[in-house]
> 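Please see the structure below; I have some questions.
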Amino acid sequence: MASPPYAASPYVLSLLLLLSIPAVFLLAPRLLPPKTLPSIPDADESDDLALFRRAVLLSSTPSKNPSFSSSGAGVFGRRRQQQPKVAFLFLTNSDIVFSPLWEKYFAGNHHLLNLYIHADPSTAAAVAAALTPSFRGHVIVGSKATQRASATLISAARRLLATALLDDPSNHFFALLSQSCIPIHPFPTFYKTLLSDNNKNPQIGRNRNRRRSFIEILDNEPTLHDRYYARGDDVMLPEVPYDSFRVGSQFFVLVRRHAVMVVRDRRLWNKFKMPCLMKRKNSCYPEEHYFPTLLDMQDPQGCTKFTLTRVNWTDSVDGHPHTYLPEEVSGELIRELRKSNGTQSEYMFARKFAPECLKPLMEIADSVILRE
Ligand SMILES: *[C@@H]1O[C@H](CO)[C@@H](O)[C@H](O)[C@H]1NC(C)=O
Ligand SMILES: *[C@@H]1O[C@H](CO)[C@@H](O)[C@H](O)[C@H]1NC(C)=O
């Protein structure tokens, strides 16, 4: 007896069901929203690794550079050590709108500094073209795209550090700034602050190599808990226990040994580079944690634990601090922004300023900003 045509259907059905299982696995990731924010592209990672390796290698053999040799009498006697330089590291995703102000700030001090710029690849050429000759330092060719709520801002800062380490062995201080930062003291005041700091710390003494980095390091912020778990539960272990997790401003001045430490690190980076969970994206600020955590774990005595860059968090919106508008710019504001809590150095830089502030800032540059 021939089976009726419909008798085959249970088999067909189960076959279809069976076949659909792999299809579900294949398609599901495309149909469901992603569980994490975008991660760092592998190609960017391997480019960076090659750059960082070179920087660390060269930094550990400074005597290869004759102008920097301090290892005593050669044939020509003891060579004079160059004065320490400050590497200004500009992180921008648009342009450097305050470059006329920075130029005034740098004028006459170029023998004590170098400039490095990390611009978004889509604007790097325009940024380079727009800079005047005296500002045209090094636009970093290897810039990569950055975005908020990802570790790309850490990568960009490390790229700047590595490039500056490689470029000039006289770079002793590394000041990270953004396009919305401005100077609020003249350069010589900043330079003096960096050079004189080591005399204030009895534990460190006068040894030039024990100068401290100016980086904010806080361990008691209310958001710390949520930010620690932004990548998932317990994923930071064992490298980063909760008790070692720190927060601080992403804008800092590092001494050379800390710049090398940051560029050499892979252990903590492997944790901090992990993308945040989509559902915790409001707690995702990797660049505010990586540097303070790393330095506090490896050399807490070597850091002042405060930043030289003033920022106004009153009424912050969506993780952005108060942005100053042209009508707020005045000599009084600059003098107010300089003030510290008394126990620490005055602030040397401030953020954030809207691009339209350039004109009023230039008007008070000579009379207030670049005058003591
Ligand atoms: C900080 O920003 C608030 C507005 O968000 C403003 O009222 C206050 O004057 C600012 N403080 C300083 C020191 O500029
Ligand atoms: C100064 O310190 C006090 C207490 O620690 C703090 O509330 C205040 O925000 C600080 N001010 C500045 C300008 O850092």
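Read the numbers this way: they start at 1 and go in the same order the structure lists the ligands and their atoms. FYI, the numbering just counts along the sequence from 1.
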> Hey, which atoms in ligand 1 end up nearer than 4.0 Å to a heavy atom of Asp315?
4 (C), 5 (O)
> Would you please indicate yes or no on a ring centroid separation below 6.0 angstrom for Phe90 and Tyr116?
no
> By number and element, which atoms of ligand 1 are closer than 4.0 Å to a non-hydrogen atom of Leu333?
14 (O)
> Look up atom 9 (O) of ligand 1 and tell me if a protein heavy atom lies less than 4.0 Å from it?
no
> With no hydrogens and no angle check, do the side chains of Ser213 and His258 hold a donor and an acceptor under 3.5 Å apart?
yes
> Of all the heavy-atom pairs spanning Ser143 and Pro121, show the shortest one and how long it is.
O-CG, 3.6 Å
> Among protein heavy atoms, which sits nearest to atom 14 (O) of ligand 1, and what does the distance come to when rounded to 0.1 Å?
Tyr324 OH, 2.6 Å
> For atom CG of Asn270, is the number of surrounding heavy atoms from other residues, nucleotides or ligands below 6.0 Å larger than 12?
yes
> Heavy-atom distance to atom 2 (O) of ligand 1: which of Asn312, Val311, Leu337 wins?
Asn312
> Less than 4.5 Å apart, side chain to side chain, heavy atoms only: is that true for Leu361 and Ile182?
yes
> Scan the protein's non-hydrogen atoms and note whether one is under 4.0 Å from atom 5 (O) of ligand 1.
yes
> Ring of Trp269, cation from Arg158 - is the NZ or CZ under 6.0 Å from the centre and inside 45° of the axis?
yes
> Do me a favour and list the nearest non-hydrogen protein atom to atom 13 (C) of ligand 1 with residue, atom name and distance?
Glu336 CG, 3.9 Å
> Any N or O of Arg310 that comes nearer than 3.5 Å to an N or O of ligand 1?
no
